[in-house]
Amino acid sequence: MKRLTTLLAAAAALTCLLAATALAGTTLTYANFPPAKTFPCIQMEHWKAEVEKRTGGELNIQTFPGGTLLGAKNMLRGVQTGQADIGCISLPYYPGVFPAMSVLNLPVAFTSTTVASLTMWDLFQKYQPAEFADVKVLTMFTSAPSNIMSKTPVKQLSDLSGLELRASGSILNILGALGAQGVGMPMSQTPEALQKGVVKGLVSSFDVLKDFNFAEICRYETITNLPVYPFAVIMNTARWDALPDAVKKTLDELGREQALWTGRYLDKHIDDSLAWSKEQYQVEVFTLTEAEHAEIKAKSSGLVDEWKAEAAKANLDAEAILSDMLALKAKYEADSGN
Ligand code: 3IO
């Protein structure tokens, strides 16, 4: 009898718990690889707040910054298999996996994160490339154009000779062509690599000077306007399919808005970060001559052909994707209000 009472009590408790869960709606996990104050996590928290507000609490998001649920390299697989419901990936960490959208990583001289992020979103909507077929894409955005942050001054291109710099994707090839020693690794491993001296600097956007405190160790910054890093926020397909239609609609409506919000946030934050670094650590900023920019361009041009060849192998219309990207870039550059 005592056993039966215990069993009934347990059953009642379970029923209450299930009812409470139903009332509170669905909770999805969202994994991210870099620390909480970096821009991929700032945009994650903004998205979470918008989603919870717009669905009236029907959908809740539990965020995991700093690789606490999935790291930079197992993010894609972790979302595909459902270890996390949602994850944020930097596409250059997956060479060969995203032949279409890696076009955003080419040296085409983006000057604004907002322009690059909206260009990426529109291009994805137009082509819906097969490389994302087994996940649901919630939003896309890019980092700001990449520059050199280093422990020793890079005042001119010849200072790059043999210099070990952390990067990912196409920037590694560009560094090689310029005589530097590109070292490929995710951003989340870079603090340790800089500390240990495995690398003497990195090539990324200036937000990281403040958000990772890289300004302390990398006192020299060189404006190079190298490619942006494209990102995607992806969701497990089965979890997406299980969402109510109204929730799906809300999330779909947020896709472009989130790309725009993130672009604007980062463009502004780049300026804040550089100003903070000058004040806090008196970092020096070097600019290159026009001839040096021309040299970078000339030595990077082969990358576009390499990308085209890779895209063609994946049965993509490379010429169309590239020209559409450049047209979108020009359109958004002309439209300052975006
Ligand atoms: C980046 C990645 C993680 C956190 C902050 C960041 N700012 C710019 C980037 C881009 C980058 O270097 C990368 O590896 O994705």
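These numbers were taken from a predicted model, which means no experiment stands behind them. Just follow the structure's listing: the first ligand is 1, and inside any ligand the first atom is 1.
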Qualifying residues under salt bridge (charged side-chain N to carboxylate O under 4.0 Å, His left out), relative to R219, sequence neighbours excluded: none
Partner residues of K151 under the salt bridge (charged side-chain N to carboxylate O under 4.0 Å, His left out) criterion, sequence neighbours left out: none
Aromatic contact, F141 with W261 (centres under 6.0 Å): no
Residue pairs, two or more places apart or on separate chains, that pass salt bridge (charged side-chain N to carboxylate O under 4.0 Å, His left out) and touch residues 61-77: none
Polar side-chain atom of S205 near backbone of D207 as donor-acceptor pair, under 3.5 Å: no
Neighbour list for ligand 1 [protein residues, heavy atom under 4.0 Å]: F33, P34, T38, F39, P40, S90, Y93, S143, R166, M187, S204, S205, D207, V208, F212, Y229, F231
Over all atoms of both residues, closest heavy-atom pair of E52 and I61: OE2-N, 2.8 Å
